[in-house]
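Notes follow the structure.
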Amino acid sequence: MKSVHCLAALPIAAFYSGGWLAEHVGTRLAGLPFLMAWNIVWLLLTSVVMGVMFRFDGSREAARASTNDARERDGATS
């Protein structure tokens, strides 16, 4: 497992900690209750985290390289 995969724990921890945090904050953000605003923000940030993981994972390059190696052994050209 690569260290970039540890980023997947961040949104999970954020969603579970939101209830505890909302209990202590008790304010409104943009007219929404804090917990709802917290969940909306982390919903969007989860997409960003998954994009970062996809970008820095490296498995796409490894799969592409193995496919190109197989094509070269078979004599196929692309």
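Residues forming a side chain to side chain contact (heavy atoms under 4.5 Å, CB included) with Thr46 (at least two apart in sequence, or on another chain): Pro11, Phe15, Met50. For Phe56, the side chain to side chain contact (heavy atoms under 4.5 Å, CB included) partners at least two apart in sequence or on another chain are Val4, Val52.
No path of Ile, Leu, Val, Met, Phe, Trp and Tyr side chains, each step under 4.5 Å between heavy atoms, connects Ile12 with Val48, placing them in separate hydrophobic clusters. The hydrophobic clustering, which links ILVMFWY residues whose side-chain heavy atoms are closer than 4.5 Å, places Trp20 and Leu10 together. In this structure, Ile40 is not a member of the same hydrophobic cluster as Trp42, with clusters built from ILVMFWY side-chain heavy atoms closer than 4.5 Å. A continuous path of Ile, Leu, Val, Met, Phe, Trp and Tyr side chains, each step under 4.5 Å between heavy atoms, connects Trp38 with Val41, placing both in one hydrophobic cluster.
The CG atom of Leu35 lies 11.0 Å from the CD atom of Glu23; values are rounded to the nearest 0.5 Å. Rounding to the nearest 0.5 angstrom, the gap separating the CG atom in Leu44 from the CG atom in Asn39 is 11.0 Å.
Counting heavy-atom neighbours within 6.0 Å of Met36 CE, excluding the residue itself, gives a total of 12 or less.
Between Leu21 and Phe34 there is a side-chain heavy-atom pair separated by less than 4.5 Å.
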